[in-house]
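Right, one structure below, let's go through it.
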Amino acid sequence: MIAHSDLHIHTKASDGKAHPREVVLRARAVGLDVIAITDHDTFAGSVIARRHAGDGVPLIIAGAEVRTVWGDVLVLCRNPIPVIKDPRTLRELADDNGCVLIPAHPFDVMRLGIGWRIRENLWDCVECFNMSSDPITNIMAWTHCRASGKPCVACSDAHVLEMVGVARTLIEVPDLTLDDVLESLRKGLVTPRPKYSVTGLARKVAWGIQRKLHGHTRYPALDEDLYLKTA
Ligand SMILES: [Zn+2]
């Protein structure tokens, strides 16, 4: 079967606007089968989302967008792993835990992409389209994937609900299970479906301004923080 996925979504657990529970409902409404909630340097959003999703669709990949010493990398796992900043050590940990590593917006230097480090033999796929990135850096990543044969995924990098699932990746899976999804990502059985949404991006800009006006230099607390600290 073909599973519709959005593998790069933020929530209140970092700088996103929505609660993980709202993201789950939105993903369901826009027909996503699988989502990875990838808050900055924490698996918290995905852990909370999983509690709210239960056993139904969408499947929730345990995810984080880790700011490594080279730049941002999406870490997608069955269950959370420690957040490691050294990419080679992160790769070892990912292998031990069956995780998938995907450099996020690699050529977007404004947002700490890893640049030409995408040539390193550490990555399962590359994010060749990020809805929050400009077309030029997206085309650079897309072109690299085309030339190198690297599997390429398209993601929304949603920070507001209106962005969830606009850009998506189709994953070929035997069954809709987390193990099959992660295995298919490792095998590169993916087809990117890039798309921009003017409304989504406008809402994201508005959310960014709102955060600045309220002086949010740190991430807001979730009511489930206490659970997360012990998770
Ligand atoms: Zn992101």
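Numbering of ligands and ligand atoms starts at 1, following listing order. This one's a predicted model, so the numbers in the text were calculated from it and none came from an experiment.
In this structure, E120 pairs ionically with R88, as a charged nitrogen and a carboxylate oxygen lie closer than 4.0 Å. Between K204 and D157 there is no salt bridge, since none of the side-chain N atoms of the basic residue sits less than 4.0 Å from a carboxylate O of the acidic one. R67 and D72 are joined by a salt bridge, as a carboxylate oxygen and a charged side-chain nitrogen come within less than 4.0 angstrom of each other.
Among the atoms of H10, an N, O or S atom falls under 2.8 Å from the Zn ion (ligand 1). The Zn ion (ligand 1) lies at 2.8 Å or more from every N, O or S atom belonging to H159. Among the atoms of D72, no N, O or S atom falls under 2.8 Å of the Zn ion (ligand 1).
Seen from the Zn ion (ligand 1), atom OE1 on E65 and atom OD1 on D157 lie at an angle near 170° (rounded to 10 degrees).
C152 has its SG atom at least 2.5 Å from the SG atom of C145.
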